[in-house]
J.: 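Just passing along the structure, written as structure tokens.
These figures come from a predicted structure and were not determined experimentally.
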Amino acid sequence: MSDEDDLRAEVRELHTEVDALHTRIAALESELDTDPPPSAEDQTASTAVESDTATPESESEDSSEPGTETGETADSEAPPEERNWERDIGMKWLGGVGGLALVVGVVFFIRLAIEAGYLGPLGRVLTGTVGGLILLAGGRYAAERQGYSRWGRLVAGTGLAIAYFSVYAAYGFESYRAAIGTPLWTVLLALTVLVAATAAVSVRDCAPAVAGEAFLLGYVTAYVGLDAGSFVVSPAYVVLLTAGLVTIAAVRPWSRLVLGSVLPAYVLHVAWMNRLEPPESVATAVLAATFAVYAAGVYVLRASGRTDRWHRRLVEATTASNAVFAAILLESVARRLLPTAPDGVAVGAVGLALGGVYAITESRLGQQNSAAGVLAVVLLAVGVVLAANPFAETVGLLILLCGALALGTQRDARAVRIGGHLVAFGTVAKLLAVDATRLPAFSLADPLATVMGRPAAYLLGIVVFYGLGRWFGGASTTVPSMDRELSVAAPYAWTATGLAVVLLGLELSGATLSVAWAVLGLAFVGVGLALDARSRRLQGVVVLALVTTKVFLYDTQGLDTLARTLSFLVLGGILLVASYAYARWQGEKPLQRLSG
């Protein structure tokens, strides 16, 4: 525990003791039926309890992030009988309503001055700006010097909003712009200085709420910059704001602030591209720079001393949102920039970049960026699907699957292995939903359909999944929510068997399908008995149960007499052979053999 945490704990303990003493004194006074005048010491203690909690500077930083506890938080989480409702009303509600009333009063004052002819457009802008700056400075003074952190942040945020929109009015309102003659660059410069100064002060005062408001207004400034009609002002402003957030993260690891900026940053890029239609090369450079800056921000946040669970989740969410937005926007731009290039190039490039982020984070910080590792594999798979035809997609996904699982196992990279498992799931879904309908069936008259058709795609998937099941062997993984270990090999082996059953169902029909399924089930039972592999035996039993159901429910009704007779004869013979093989395998002690 750090010194700051110790100090906060001591302050909370002192407050609790003072409240307990006041309770005991009140009880004694009620018993004695006396009401002595308060002494100087009592007044001092009462003032200490009733006033806003005087927190250290460092506490205001932690109060904005989950996982820490301030005096205000501790009071709000206390039992109802221990809460100080009077202090809550005085600190929160009176302050909030007072700030709103003050803003409304300033608006009415300016309106009154306008109607009386005392203020022109320039006077209104200067009055609002100066008044907002006074409130900003006063709120900072109250939070910094007097310890009224919540009230001070409220006043400072109110002043910042008043000053910001007063400056914005000099250009945003047409009548003001015509009367003052304000150029856009002057307003942008003034707004930038205001936002930068407020952000710097909030970092010094450990006030992330004020910093968040400052950067939100900064993104509003970037949107105002779109009126300049240039494809340089707004995107450059967004990249600079993002870099400023990363710089702040190096001093104050405010992960929530960084995550909250991802959406407005990319939304501004979309608005910029739609409104001004910049060259594709410039748009690509801007989007790549934004992606890189946020990736650096994630690295900085991971390198900080914060290790609480909420912080880690916010950092992972930042990685994911940054990658998804960048991949979608870069792909749309790359298709216009490189019309001859295959689709999915930008998505694959983002996936490779995430792989580099994962490797750097692991090697230099000793941490595994799970979101980067998983998304690197998934985005590469999406790139493969976008770039190739159905058969080549399946081949590429299987290669990527094997590579991800091999690399993840060799480097003990759990996130990469999870990404590989997700690719496996997607490959099976593609085989069932796409390849089953879009790829040609087996045909002796068309060799190309045989080599690059549906049977070849399914056979490749079956071989790879059986191979992976064999390769994993007895490996297992722990499921946190279930608190138990599950086999990794079994799902791959069972999936391969399922694909084999589906392939036969797609290529065959009628009695031929029944015979093929029966032979497949007998083969599994035989292999399972020979290798003493219980999983193989169970797969064979399941396939035999499937074909038995088909023969008795479908073949008796849907086939002619000859085909129906063939189905029953073959099934009966195969079931008798499988039963005899089981009897021979069990030996003299069947129960002991089966349980083993």
Side-chain angles (χ1 to χ4, degrees), residues 188 215 218-219 221-247 258-300 317-361 369 371-388 396 400:
L188 290 178
F215 276 95
Y219 287 112
T221 305
Y223 184 80
V224 173
L226 292 175
D227 294 335
S230 170
F231 58 82
V232 176
V233 176
S234 179
Y237 206 92
V238 172
V239 174
L240 288 176
L241 282 173
T242 307
L245 281 170
V246 173
T247 304
V258 178
L259 173 60
S261 68
V262 176
L263 178 60
Y266 282 104
V267 167
L268 278 170
H269 285 325
V270 172
W272 164 65
M273 290 187 294
N274 290 337
R275 181 177 298 186
L276 302 179
E277 298 182 356
E280 284 75 10
S281 57
V282 177
T284 302
V286 169
L287 292 172
T290 305
F291 171 79
V293 172
Y294 274 116
V298 169
Y299 181 87
V300 169
T318 303
T319 302
S321 57
N322 179 39
V324 170
F325 282 124
I328 295 175
L329 295 180
L330 282 172
E331 180 65 25
S332 64
V333 174
R335 291 184 179 183
R336 299 192 301 269
L337 179 63
L338 304 171
T340 58
D343 295 338
V345 173
V347 176
V350 174
L352 291 175
L354 286 178
V357 170
Y358 179 84
I360 293 174
T361 305
N369 190 339
V374 173
L375 282 174
V377 180
V378 172
L379 289 179
L380 286 174
V382 173
V384 170
V385 171
L386 293 175
L400 179 62

J.: Could you report the tightest heavy-atom contact between Ala323 and Leu379, atom names first, then the distance?
T.: CB-CD1, 4.4 Å

J.: Quick one: does Val333's side chain get under 4.5 Å of Met273's, heavy atoms only?
T.: yes

J.: Below 4.5 Å, heavy atoms only, C-beta onward: do Thr318 and Val262 meet side chain to side chain?
T.: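 Yes - at least one pair of side-chain heavy atoms lies under 4.5 Å apart.
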
J.: To the closest 0.5 Å, what do you measure between CG (Leu338) and CG (Asp343)?
T.: 11.0 Å

J.: Quick check: closest heavy atoms across Tyr237 and Gly218, and the distance to 0.1 Å?
T.: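 The pair with the smallest heavy-atom distance is CE2-O, 3.4 Å.
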
J.: Looking only at heavy atoms, which two atoms of Ser321 and Leu259 are closest? And how far apart?
T.: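 Nearest heavy atoms, Ser321 then Leu259: OG-CD1, 3.9 Å.
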
J.: Check whether any side-chain N or O of Tyr294 sits under 3.5 Å from a backbone N or O of Ser261 as a donor-acceptor pair, and report yes or no.
T.: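 Side chain of Tyr294 to backbone of Ser261, a donor-acceptor pair under 3.5 Å: yes, one is there.
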
J.: Of all the heavy-atom pairs spanning Leu268 and Ala222, show the shortest one and how long it is.
T.: CD1-CB, 3.9 Å

J.: Just so I know, are the side chains of Phe291 and Leu354 near enough to count as touching, which here means a heavy-atom distance under 4.5 Å?
T.: yes

J.: Would you give the length of the straight line joining atom CG of Leu263 to atom OH of Tyr219, rounded to the nearest 0.5 angstrom?
T.: 10.0 Å

J.: To the nearest 0.5 Å, what is the distance between CZ on Phe215 and CG on Leu245?
T.: 4.0 Å

J.: Are the side chain of Glu331 and the backbone of Ala346 linked by a donor-acceptor contact shorter than 3.5 Å?
T.: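 The answer is yes, because a donor-acceptor pair under 3.5 Å joins these two groups.
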
J.: Under a 3.5 Å threshold, yes or no: a donor from one side chain and an acceptor from the other, between Asn322 and Tyr266?
T.: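 Judged by distance alone, the side chains do pair up.
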
J.: Please confirm whether the backbone N or O of Val270 pairs with a side-chain atom of Asn274, one donor and one acceptor, at under 3.5 Å?
T.: yes

J.: Going by the side chain to side chain donor-acceptor pair (under 3.5 Å) test, which pairs reach into residues 283-293, not counting sequence neighbours?
T.: His269-Thr290

J.: Do you know the tightest heavy-atom contact between Ala265 and Thr242?
T.: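 So the two residues come closest at CB-OG1, 4.4 Å.
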
J.: What are the two closest non-hydrogen atoms of Val347 and Ala327, and how far apart are they?
T.: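 Scanning both residues completely, I find the closest heavy atoms to be CG2-O, 4.0 Å.
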
